[in-house]
Amino acid sequence: MTSFIKTPSIFNSTSHRRSFIMSSSQSNGQNGQQYDDYYKLRHSAAHVMAQAVLERFPDAKITIGPPIKDGFYYDFDLGRKEDGSLRTFSPEDLDAIEKRMRQIIAGRFPFEKRVVSADEARALFADQPYKLELIDGLEAGGVDEYGEKIEGPVEISTYKQDTFEDLCRGPHVEHTGKIPPDGFKLLSVAGSYWRGDENRPMLQRIYGTAWKNKKELKAHLDWLEEVRKRDHRRLGKELDLFSTNHEMVGGGLILWHPKGALMRHLAEEHAKKLHLEGGYDFVNTPHIGRATLWETSGHLDFYREGMYAPIEIEGQEYYLKPMNCPFHVFIYKSRVRSYRDLPIRMAEWGTVYRFERSGTLHGLMRVRGFTQDDAHLFCAPEQMPTEIDKVLDFSLSLLRDFGFEQFQLYLSTRPEKRVGEEAKWDDSEEALLEALKRSGLPYGVNEGDGAFYGPKIDIYVTDALDRPWQLSTIQFDFNLPERFDLTYVGADGVQHRPYMIHRALMGSIERFFGVLIEHYGGIFPVWLTPVQVKIIPITDEQNEYAAQVMEQLKLAGLRVELDNSDGRMNAKIRNAQLQKIPYMLVIGGREAEADVVNVRLRNGKRLGTMSVDAFVTLAQEAVAERIAI
RNA sequence: GCCCACAUAGCUCAGUCGGUAGAGCACAUUCUUGGUAAGAAUGAGGUCAUCGGUUCAAGUCCGAUUGUGGGCUCCA
């Protein structure tokens, strides 16, 4: 079963080249973690913002306002309006708050720390119910900003600047003047729930970004602009790759257009070839299965909220599949398995459907129907370490083929509530850890973060904008082999329980494409780009020669389009450029005469004239090497 | 689902104080036949998301609905 773990907190972004905190266990604030300047700056900005908000909304209830990656936020409960609806921030409020923050900054008010008892704190925040709840929590033993439990009672402190005193561990900058007035900006308002729980009150959140100076702020705003420009939904439309239609087709359901489907085909073809070479067998399974299947697998117990309502067929209930595993299990069970059959590596590009709340749907990144490059490994215990090694290598090499170079690996170990024998947990966790070590790549361990059915490795890639994305996952499953009573006959003639490992390398192919589009910014490597070559005749005198060149290139296996519209060459080049087509072959009278093509690259570089054969060699090399030009 | 913002031509967007619909791109036709990121003219294209309300009059104001974007533990 694929599960989504949360991205680790990243506080120490000192530049736009972001870096990971390796493991959550090393970042406990109570154990001497160094709070960097950004932490203090952003945390202080949050307090200043809270002061400005309270001045404007005296009845507001304050909650929490932590520093976050690139900035800070603060959540407020503004109460309700006369008509019962929630009072909220308007864009004008944001402007006024930001202006007032600069005044407070100019006041150079010191941040003064005070250590108080729980009762003193309660008196101080008597009219702040959220703070009272926090104080109760602190008295009982705290939780740090990474969500890690802190044992025992915690020192309770407040920080005060000017008129505003907040329950806070700190630390802060010395005084408000240390916050650069032109280094921060309030970005947006958003709704959020107290403690992230939708059953608790809805709060109003203001997000801000804060940096050491104007230049850094500008760099960050530019980065945000770059993120916007690379948005896969925007590029998907511009490059005609895919679309969605919520009103008629439905939200979270992707329509792959010819060019997008072609890219997907190319990517899948490559991955499938590698799977076959890697000893995987492809299978195909249906989209629906009977309720008893999902009852036995445990999905209806543990995953029901992710599944759609049943379909009734002749009095029997069928469910749309949210995962492929139970079907693969039945292929395994279709006959008696011998140790000689193992390992079995069963792969399927399986399309699954999962319920996602409407508000969480997002382009290709979060959808309701998607295809996984799913596989299940069934192996004997002694084969397991080798299989783990292989699958990890496979995953990394596949991701490298798609241009990802930076990886971050996470091992999630046994949680409190779990199934399976301890010996299996021991073996599998060790095998995963050994494989991680052998990979030579940075990895972290999330103790207790595994699924109830087994430990797992998640692979995050870092994209061209330094953003982490979880793609691959390798998960043990001690649950399904038990529930479906999977066995194999060992050399000793008795029945044994095989290990079962789920793995998806690209994960969701939809999501993978979303990441890929943003990673490349639409400038896909030659092997993957839907149209590799655009032929641009200068006048229609050359149309015939151009068509002849196109045929030659097609015979050579290149994906070519001919622009014989009656526009000018400049316009044709511009169009090809906007479509980010790697090679433009400009053909005028001179080229037709000499039986050559004039090659222009999408980066603006001109390679001059060459024979068609020479160009074919050049392009084929780029395809084979998977290079991006 | 919940909070905020938004919804005008295929796309990107303008539309003032409420007075009856605009631009650029794309598309079609014609002219143009050119040397490395936009040649020109003409034309077609809109029930201003949907439904309801206020008004002499609604793209514009109000409400509901549908949909989109941002956000909903990065937890003192």
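Everything numeric in this text was worked out from a predicted model, so none of it was measured. Below, read A as the first sequence line, B as the second, and so on, with proteins coming before strands; counting in each chain starts at 1.
As rounded to the nearest Å, B:G18 and B:C74 have C1' atoms that lie 46 Å from one another. B:C51 sits 16 Å from B:G59 when the C1' atoms are compared, rounded to a whole Å. Nucleotides B:U16 and B:C61 place their C1' atoms 15 Å apart, quoted to the nearest Å. B:A7 and B:C48: their C1' atoms are spaced 10 Å apart (whole Å). Taking the P atoms as reference points, B:U29 lies 15 Å from B:A44, given to the whole Å. Annotation: B:U65 and B:C6 have their C1' atoms spaced 16 Å apart (nearest Å). Using atom C1' as the reference point in both B:A21 and B:G53, the two lie 24 Å apart (nearest Å).
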If a protein heavy atom is under 4.0 Å from the base, mark B; if only from the sugar-phosphate, S; if neither, -; do that for nucleotides 33-40 of chain B going 5' to 3'. BBBBBBB-
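The six-membered or imidazole ring of A:F89 lies near that of A:F57, with a centre-to-centre distance under 6.0 Å. For an aromatic pair to be called close, the ring centres must be under 6.0 Å apart, and A:Y308 with A:Y353 fails this.
For the pair A:H362 and B:G71, the criterion of a side-chain N or O lying under 4.0 Å from OP1 or OP2 is not met. Contact check, A:Y207 against B:C72: a side-chain N or O comes under 4.0 Å of OP1 or OP2. The phosphate of B:C72 (OP1 or OP2) has no side-chain N or O of A:R195 nearer than 4.0 angstrom.
Residue A:T158 is out of contact with every strand shown, counting any heavy-atom pair closer than 4.0 Å. If you check every strand for non-hydrogen atoms under 4.0 Å, A:Y159 touches nothing. Within 4.0 Å of A:R234, counting heavy atoms only, lies no atom of the nucleic acid at all. Residue contacts shown for A:S358 include a base, since a base heavy atom lies under 4.0 Å away. In this structure, A:R205 reaches the sugar-phosphate backbone alone: every heavy-atom distance under 4.0 Å involves primed, P, OP1 or OP2 atoms, never a base.
Among B:C72, B:G70, B:A76, the nucleotide with an atom closest to any side-chain atom of A:A190 is B:G70.
In this structure the side chain of A:I523 reaches within 4.5 angstrom of the side chain of A:R602, judged on heavy atoms.
The residue from A:K113, A:K160, A:R114 that alone fulfils the salt bridge (charged side-chain N to carboxylate O under 4.0 Å, His left out) condition with A:E165 is A:R114.
When both pairing distances are held under 3.5 Å, B:A14 makes no Watson-Crick or G-U pair with any nucleotide shown. With both pairing distances under 3.5 Å, B:C6 is matched to B:G67 as a Watson-Crick or G-U wobble pair. Summarising the base pairing, B:G59 is matched to no nucleotide, lacking a Watson-Crick or G-U wobble pair whose two defining distances lie under 3.5 Å.
Geometrically, A:R205 engages A:Y73 in a cation-pi contact defined by less than 6.0 Å to the ring centre and at most 45° from the axis.
Using cut-offs of 30° and 60° for the angle between ring planes, the A:Y410 and A:Y460 rings count as perpendicular. Classification of the A:Y520-A:F524 ring pair by plane angle, with boundaries at 30° and 60°, yields perpendicular.
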